[in-house]
Amino acid sequence: MSFFLSERHKNLLPYTPGEQPRDMKYIKLNTNESPFPPSEKAQEMAAEAVKKLNLYSDPESKMLTEMMAKTLGVEYENVLMTNGSDEILNFAFMAFCDKDNGAVFADITYGFYPVFAEINSVPYTKIPLDQSFKINISDYFHSGKTVFIANPNAPTGIALELDEVEQIVKNNPNNVVVIDEAYVDFGAESAVPLTKKYKNLLVTQTFSKSRSMAGARLGMGIASAELIADLKMMKYSTNPYNVNSMTSAAGIGVLSDPEYTEKNCKTVMENREYTANKLAELGFECLPSVTNFIFAKHCKVSGETMYTELKKRGVLVRHFTSERIAEFNRITVGTKEQMDALISAVKEILNEVEK
Ligand SMILES: *Cc1c(COP(=O)(O)O)cnc(C)c1O
């Protein structure tokens, strides 16, 4: 830290992204990326867009926003495209929270929420998940704060029912409720239709997981026109060209090829059930996931040992050290081949432990 760092950032603890090692070839199951390449249409359109990189991108991302709105069954003014969904989440902290109206989220959830709160000088409260790592919805009623809920939650993989989401929204009439749907395409129900009914609901989604575009950085917010206008104010006060032209073109390609996304999600869900069953046979407790990852703990081997031993065998998973979840690992669901390699590595580790 330099002598010059602003006083207000002296205690900032930045987000720790999952490892992206370049030293050797790992089976990479640690950051919930898609194992499949982006749609060919996305590849073609992005390649075309490269030729016009001398020009600034369209600050409105008009064509992409129109297609996105159509895909989601909402109007143009209900959508804001951003540089990953991390950006729209940051905008939400900037726009809807302040010193009196802080933020509230679960004790075990996306690790970026407290970081966004800190950098925006927003006070926050964490509400513990229950014993089975579920959200107790009434804990969030009349919170007097901006509510952030990942649904399905990460790293647990567990989702709320749409009716439960609605109750949280309904019971916070004077505050914005943000529903982070990064993993919604793998089996949960989206709250997007509720944005027509509730002016205080912001839903965020991303192209990073189900749409195979983590490296392109494309996300979005869906909400009432009023909330979107506030969020746009944040965008035009920080980075008007937040979505670059290659990404925007690739996004249009992805949306013009919905069958490809659907097929990949279906494969991931099948591989998830396959893997969860195998892991259970091998002595793991797996939380019931509706995402592209499995949160699992072994009855004999510690979370950290499992992580380290898997890494030695070229399989990278995500281990968190915070107390309640230190025995678990978050395992991204990949291709069938990747899952079989994971299972072989686990068997090898368990055999050595038996000895
Ligand atoms: C991956 C993820 C995001 C953000 O992803 P982007 O790549 O920034 O779109 C947001 N929320 C949760 C819970 C995530 O897991």
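Everything numeric in this text was worked out from a predicted model, so none of it was measured. Just follow the structure's listing: the first ligand is 1, and inside any ligand the first atom is 1. All values below were derived from every heavy atom in this structure, side-chain atoms included, with hydrogens, water molecules and symmetry-related copies excluded.
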- Task: Test Y124 against every option in F148, Y113, F105, F116 by the ring pair (Phe, Tyr, Trp, His ring centres under 6.0 Å) rule and name the one that passes.
- Result: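 Testing Y124 for a ring pair (Phe, Tyr, Trp, His ring centres under 6.0 Å) against F148, Y113, F105, F116 leaves exactly one candidate, F105.
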- Query: With sequence neighbours left out, what residues match F133 under ring pair (Phe, Tyr, Trp, His ring centres under 6.0 Å)?
  - Reply: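 Testing F133 for ring pair (Phe, Tyr, Trp, His ring centres under 6.0 Å), a comparison that skips the adjacent residues, returns F328.
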- Mind checking what residues have non-hydrogen atoms under 4.0 angstrom from ligand 1?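 Residues near ligand 1: G84, S85, D86, Y110, D180, A182, Y183, T206, S208, K209, R217.
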Let me check something: any side-chain donor-acceptor pairs from residues 281-290 under 3.5 Å, sequence neighbours excluded? List them with distances.
{"residue": "S289", "atom": "OG", "partner": "T291", "partner atom": "N", "Å": "3.0"}
{"residue": "S289", "atom": "OG", "partner": "T291", "partner atom": "OG1", "Å": "2.8"}
{"residue": "S289", "atom": "OG", "partner": "F293", "partner atom": "O", "Å": "2.7"}

- Which hydrophobic side chains are connected to F4, either touching it within the sub-4.5 Å cutoff or through other members that do?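 Noted: F4 shares its cluster with F3.
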- Cationic N near anionic O, under 4.0 Å, D185 to K209: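 A salt bridge is absent here (no side-chain N lies under 4.0 Å from a carboxylate O).
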- Polar side chain donor-acceptor pair, Q20 to K28, under 3.5 angstrom: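 Per modelled atom types, Q20 and K28 side chains form a pair under 3.5 Å.
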